[in-house]
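By convention in this document, chain letters (A, B, ...) are assigned in the order of the sequence lines, proteins followed by strands, and residues within each chain are numbered from 1. Computed from a predicted structure; not experimentally measured.
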There are 2 protein chains.
Amino acid sequence: MALEHAILVSLLEQPGSGYELARRFDRSIGRFWTATHQQIYRVLRRMETDGWIAVEEVAQDGRPDKKVYSAAAPGRAALASWLREPVEPETVRHELAVKIRAAAFDDQAALTSLISEVERHRESHAALLARYLTGERRDFPDLTSPSAQQELQHVVLRGGIEYERMTLAWLDDVLATLHRIAN
Amino acid sequence: MALEHAILVSLLEQPGSGYELARRFDRSIGRFWTATHQQIYRVLRRMETDGWIAVEEVAQDGRPDKKVYSAAAPGRAALASWLREPVEPETVRHELAVKIRAAAFDDQAALTSLISEVERHRESHAALLARYLTGERRDFPDLTSPSAQQELQHVVLRGGIEYERMTLAWLDDVLATLHRIAN
DNA sequence: TCCTGCTATGCAACGAGTTGCATAGGCAAT
DNA sequence: ATTGCCTATGCAACTCGTTGCATAGCAGGA
């Protein structure tokens with residue numbers, strides 16, 4: 001279980017409310033660990049009960065109040081001991097790959113609809129890659145001596161960028177293959 | 001939900017028992033859709049109740065009996081309508097990426113233990129890539145006119161191969177970065 | 001002989017994750 | 001004026017996925 005830990009890392013990088021965390025998970029972190037707002041709120045409450053995080057109620061004008069969370073000492077300790085545990089292999093759930101193999105057992109129409117699905121998929125990966133690259137230029141300009149935190153955030157982002165590049169190239173391969181079959 | 005569909009595809013490619021399916025999921029399909037044997041048995045029973053698959057009890061000598069499942073017409077129909085639904089974006093749960101960012105908030109010892117974790121991770125990806133490449137040579141020799149099924153299986157495998165190559169390169173980048181920070 | 005490991009299936013309990021819905025004020029556009 | 005969207009938090013019900021355990025026969029090695 002690592003949602004707690006992903007939240008702790010995010011709060012250490014920058015304190016925030018459940019809502020803000022949910023949006024961060026939709027952006028950068030979310031590509032490595034997805035979570036909905038309900039999940040986040042539930043886990044935040046548990047973490048607060050366990051003393052892993054501290055809360056501060058913040059009144060805002062023009063907007064509902066929010067609870068700003070930040071990592072507390074027991075949370076840091078929990079994160080430290082988790083860091084020393086062995087890493088589990090990443091789990092991938094690639095629905096598209098299953099569909100591609102499924103297309104062998106269906107007709108021409110299914111192939112055509114799959115092609116447009118793959119194209120749509122390709123679009124969204126291209127858009128995400130563009131967003132990553134923009135973020136990289138903004139957040140990681142050439143520095144003579146970046147901090148450890150920046151270096152680590154950057155290498156994870158580079159992983160995302162390379163993943164998207166690889167995926168785009170593979171989707172092109174998939175499209176070429178589907179067209180060859182459908183000809 | 002796509003475990004049903006992944007099982008259907010696997011049964012269409014080749015009928016088999018729950019146990020055999022579990023092993024297939026540990027091999028090829030498992031890298032695109034993971035499932036434990038308990039999950040598989042539970043879903044198989046549901047699919048049988050719904051008439052998606054047919055069962056045949058097969059006695060074996062020297063081994064326990066097994067139930068060999070195969071896809072039935074309603075199952076094929078369910079697969080066909082699923083194929084026409086929009087694809088959801090793949091979900092990735094990349095614990096290692098979270099740990100790398102977490103390392104910014106811990107000490108030198110954590111960094112050292114993370115480095116050996118990344119190296120172990122790298123080993124297993126290298127081993128998987130080797131297995132994929134062996135499988136590719138075995139299952140997809142140069143053919144003048146491969147079947148649609150072969151083409152589709154092959155393009156999915158190429159995706160796995162490229163994913164592993166990309167991951168290996170990234171893990172090297174991660175190791176270089178971690179060493180730079182630890183120096 | 002005992003221990004380990006493989007084939008083969010399954011139950012029970014729990015924890016993780018999803019879906020639908022609810023509240024509630026403010027802002028912007030139609 | 002009403003509709004729709006954004007911030008902000010949360011409950012309830014459900015399904016999915018994991019973990020631990022159980023059974024049971026056979027094979028192979030210390």
Side-chain angles (χ1 to χ4, degrees), chain A residues 1-7 11 15-27 29-30 32-50 53 55-69 82 85-86 88-95 98, chain B residues 1-7 11 15-27 29-30 32-50 53 55-69 82 85-86 88-95 98:
Chain A
M1 228 292 297
L3 180 53
E4 272 102 329
H5 305 109
I7 288 175
L11 289 179
S17 69
Y19 190 81
E20 283 160 359
L21 282 168
R23 276 186 311 167
R24 284 186 221 167
F25 271 77
D26 276 345
R27 292 161 192 270
I29 306 181
F32 312 106
W33 208 275
T34 51
T36 60
H37 77 272
Q38 285 87 346
Q39 247 187 101
I40 289 169
Y41 283 122
R42 200 199 292 158
V43 171
L44 280 173
R45 233 171 307 139
R46 186 168 65 223
M47 290 168 80
E48 198 203 327
T49 310
D50 295 349
I53 52 177
V55 205
E56 199 195 348
E57 295 251 2
V58 174
Q60 302 183 108
D61 53 68
R63 290 180 184 186
D65 296 356
K66 64 177 177 180
K67 298 183 188 172
V68 174
Y69 293 93
W82 172 72
E85 280 169 21
E88 273 152 71
E90 72 267 20
T91 62
V92 182
R93 307 226 144 199
H94 215 307
E95 202 182 2
V98 179
Chain B
M1 229 291 298
L3 180 52
E4 273 102 330
H5 305 109
I7 288 176
L11 289 178
S17 67
Y19 190 82
E20 283 161 358
L21 281 169
R23 276 186 311 168
R24 284 186 221 166
F25 271 77
D26 275 346
R27 292 161 193 270
I29 307 181
F32 312 106
W33 209 275
T34 50
T36 60
H37 79 273
Q38 285 86 349
Q39 249 186 101
I40 290 169
Y41 282 121
R42 201 199 291 159
V43 171
L44 279 173
R45 234 170 305 140
R46 187 168 65 222
M47 289 168 80
E48 198 203 328
T49 311
D50 295 348
I53 52 176
V55 206
E56 198 196 349
E57 296 251 2
V58 174
Q60 302 183 109
D61 52 68
R63 291 178 183 188
D65 295 356
K66 64 177 177 180
K67 297 183 188 171
V68 173
Y69 293 94
W82 171 72
E85 281 170 21
E88 274 154 71
E90 73 266 21
T91 61
V92 181
R93 309 225 142 198
H94 214 308
E95 202 183 1
V98 179

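Between A:D65 and A:A59 the shortest heavy-atom distance is OD1-CA, 3.6 Å. A:R24 and A:P15 make their closest contact through NH2-O, 3.2 Å (heavy atoms, listed as atom of the first residue, atom of the second, distance).
Atom CH2 of B:W82 and atom CD of A:E95 lie 5.5 Å apart (nearest 0.5 Å). Between atom CZ of residue A:R45 and atom OH of residue A:Y69 there is a gap of 7.5 Å, rounded to the nearest 0.5 Å. Separating the NZ atom in A:K66 from the CD atom in A:E56 is a distance of 10.5 Å, to the nearest 0.5 Å.
Regarding A:D65, its CG atom lies at a distance of 12 Å from the P atom of C:dG25, rounded to whole Å. Taking atom NZ of B:K66 as the reference point, atom P of C:dC6 lies 18 Å away to the nearest angstrom. Per the geometry, CZ belonging to A:R93 stands 11 Å off P belonging to C:dG17, to the nearest Å. Note: CG (B:L21) to C1' (C:dA8) measures 13 Å, nearest angstrom. Atom CD1 in B:I40 sits about 11 Å away from atom P in D:dG17, given to the nearest Å. Atom CG in A:L3 sits roughly 10 Å away from atom C1' in C:dG17 (whole-Å rounding). At whole-Å resolution of the value, OH in B:Y69 and P in C:dG10 are 6 Å apart. Rounded to a whole Å, the CD atom of A:E88 is 12 Å from the P atom of C:dA16.
Within residues 41-48 of chain B, the residues having any heavy atom closer than 4.0 Å to DNA chain C are, in order of number, B:Y41, B:R42, B:R45.
Within 3.5 Å, a donor on the side chain of A:Q38 pairs with an acceptor on the base of C:dG20, or the reverse.
A:F32 and B:H94 have perpendicular rings, their planes meeting at more than 60° on a 0 to 90° scale where under 30° would count as parallel.
Note on B:S17: every side-chain N or O is 4.0 Å or more away from OP1 and OP2 of C:dT7. At least one side-chain nitrogen or oxygen of B:Y19 sits closer than 4.0 Å to the OP1 or OP2 atom of C:dT7. Contact annotation: B:Q39 reaches the phosphate of D:dT18 (side-chain N/O to OP1 or OP2, under 4.0 Å).
Nearest-nucleotide positions on DNA chain C for B:T91 and B:Q60 put B:Q60 closer to the 5' end.
When side chains are defined from C-beta on, A:L21 counts as touching A:L44, because their heavy atoms get closer than 4.5 Å.
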